[in-house]
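Here's the structure we're looking at; comments come further down.
Predicted model only: the values in this text are computed from it and were never measured.
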Amino acid sequence: MLLRLPTSLSEAQRSLAEGAVPVGGATLVWALWQRDGFPEQAMSLRELPEANLIERQALGAAVLLHQVDDRVPEVLRRAASTVGTGAVRRTATVGGNIVGSTLRCLLPAALALDARATVLDRDGTYETDLGEVVAKRHLLLTLRWHAPVVSRYYKAPGEAGGPPPLVVATAVHADDDGRHRLVVAVRDGYEVISASTDGRSGAEQALQDLERTGLVSLPTPAREAVRREVTGILGGPADR
C-alpha cells in the first residue's frame, strides 16, 4: 500500500482523483483492511496545513484528539479528552471520530458550537453542515464556528464494551442582533439530536421551549441531564 501525504489542497485533490483512500489515525480502518484487504493507495492529511489548525474558532480534521487543548471552547476540549483511552487519543483524529466512528463523540460538541465543515472532494473544497458530512461521509478538512459566550459538556459514566454513554453538550451564542441563543446537542445511544432556543429568558423558559423540539422524545434520564446542563449553563461563568 502506498501512503500519500499531500502538503497542499491541490495535491490532496489530485490524490483523491487518482483513487487514494482517505485515512485518519487508522484506528477504525486498520482492522477492516486486515480483514478485507488493503487499498493500493491511502491518503493521510497529517501534513496538510488546513487539516491541522487548532484555533479558538477552528479545528482541523487531522488533529489528534490528545492535541485538542484550551485554544478551543470548553465543550469541544472536554469532548476530545473523554474519548477512549490515552493511547486511543494519541492516535485517533478529529475527522475520524466525527465521520468514521459510529460513536461520534465529538459531534454533539460540534453541533452545540453551530460548527460548519469545510470538506474536500475531487472537485475542490466547499463548506457544508455537519448533518451532510455525517450522512455522506465527506472528507472533512476543518471545523469552524463562532466563539460561544459559554459552553458545557456532560458525559455519563460508561463501561468499556457497553452501550454508548449519554452525552449532553450545550453552548450559548451571542448572535449579530444581540440575542443570546442556547444550543443543546444530545447523544442518546447512537443517535445525536440538537435543538436551540432563546437563552435570555432563563433556564425554565428555555427548558419549556426545548420541550417543543425533538428533544422531547428523549428518555427520562436524558431529559433530566438536559435539565441539569441547561440550568447550569444559563447561570454559569463565561467561556474563554
For a 4.5 angstrom cut-off between non-hydrogen side-chain atoms, does L16 reach P22? yes

Could you go step by step and tell me if K136 and V119 meet the side-chain contact (heavy atoms from CB on, under 4.5 Å) rule? CA-CA 11 Å; K136 297 185 178 180; V119 300; over 6 Å; no

In terms of hydrophobic clusters joined by side-chain contacts under 4.5 Å, are Y154 and L207 together? yes

Answer yes or no: is there a side-chain heavy-atom contact under 4.5 Å between L48 and L141? yes

With a 4.5 Å heavy-atom cut-off, do R227 and E224 have their side chains touching? no

For S201, does its backbone N or O pair with a side-chain atom of H180 as donor and acceptor, under 3.5 Å? no

I'd like to know whether L3 forms a side-chain contact (heavy atoms from CB on, under 4.5 Å) with S44, so could you lay out the CA-CA distance, the side-chain angles of the two residues, the decisive distance to 0.1 Å, and finally the verdict. CA-CA 7 Å; L3 178 62; S44 170; 4.2 Å; yes

Any V186 side-chain heavy atom under 4.5 Å of E191 side chain: no

What I'd like to find out is whether the side chain of P148 reaches to under 4.5 Å of the side chain of L113, using heavy atoms alone. yes

Side-chain (T142) to main-chain (E50) donor-acceptor, under 3.5 angstrom: yes

Any side-chain heavy-atom pair from L103 and Y190 closer than 4.5 angstrom? yes

Donor-acceptor pair, E127 side chain versus A117 backbone, under 3.5 Å? no

Give a yes or no on this: more than 12 heavy atoms of other residues, nucleotides or ligands lie within 6.0 Å of atom CD of Q208. yes

Mark yes or no for whether R187, through its side chain, and P165, through its backbone, hold a donor-acceptor pair below 3.5 Å. yes

Counting distance only, does the side-chain N/O of E11 pair as donor-acceptor with the main-chain N or O of T7 below 3.5 Å? yes

Could you report the tightest heavy-atom contact between H138 and V99, atom names first, then the distance? O-CG1, 3.5 Å

Going by side-chain contact (heavy atoms from CB on, under 4.5 Å), R89 matches just one of N97, L64, V68, L65. Which one? L65

Could you walk me through whether E74 and R152 pass the side-chain contact (heavy atoms from CB on, under 4.5 Å) check? CA-CA 6 Å; E74 176 74 8; R152 285 171 63 104; over 6 Å; no

To the nearest 0.5 Å, tell me how far R181 CZ sits from D198 CG. 10.5 Å

Can you name the closest pair of heavy atoms from A206 and L234 and give their distance? CB-CD1, 3.9 Å

In sequence, state the C-alpha distance, the side-chain angles, and the governing distance for T118 and R116, and then conclude on side-chain contact (heavy atoms from CB on, under 4.5 Å). CA-CA 7 Å; T118 300; R116 297 281 293 175; over 6 Å; no

Determine the minimum heavy-atom distance between T170 and E229, stating which atoms define it. CG2-CB, 4.2 Å

Taking the side chain as every heavy atom from C-beta outward, state whether R46 and L5 have any atom pair closer than 4.5 Å. yes

Polar side-chain atom of T213 near backbone of L210 as donor-acceptor pair, under 3.5 Å: yes

Show the nearest heavy-atom pair for residues G60 and V94, with the distance to one decimal. O-CB, 3.6 Å

Taking all non-hydrogen atoms of both residues into account, name the closest pair between A110 and L76 and its distance. N-CD1, 4.5 Å

Please report the interatomic distance OG1(T82) to CZ(R77), rounded to the nearest 0.5 Å. 10.0 Å

Is there side-chain contact between K155 and L166, with at least one heavy-atom pair below 4.5 Å? no

To check you understand the geometry: which heavy-atom pair defines the closest contact between M43 and P6, and what is its length? CG-CD, 3.6 Å

Say whether, by atom type as modelled, one donor and one acceptor occur between the side chain of S101 and the main chain of I98 under 3.5 angstrom. no

For H66, look at atom NE2 and say whether over 12 heavy atoms of other residues, nucleotides or ligands are found less than 6.0 Å away. yes

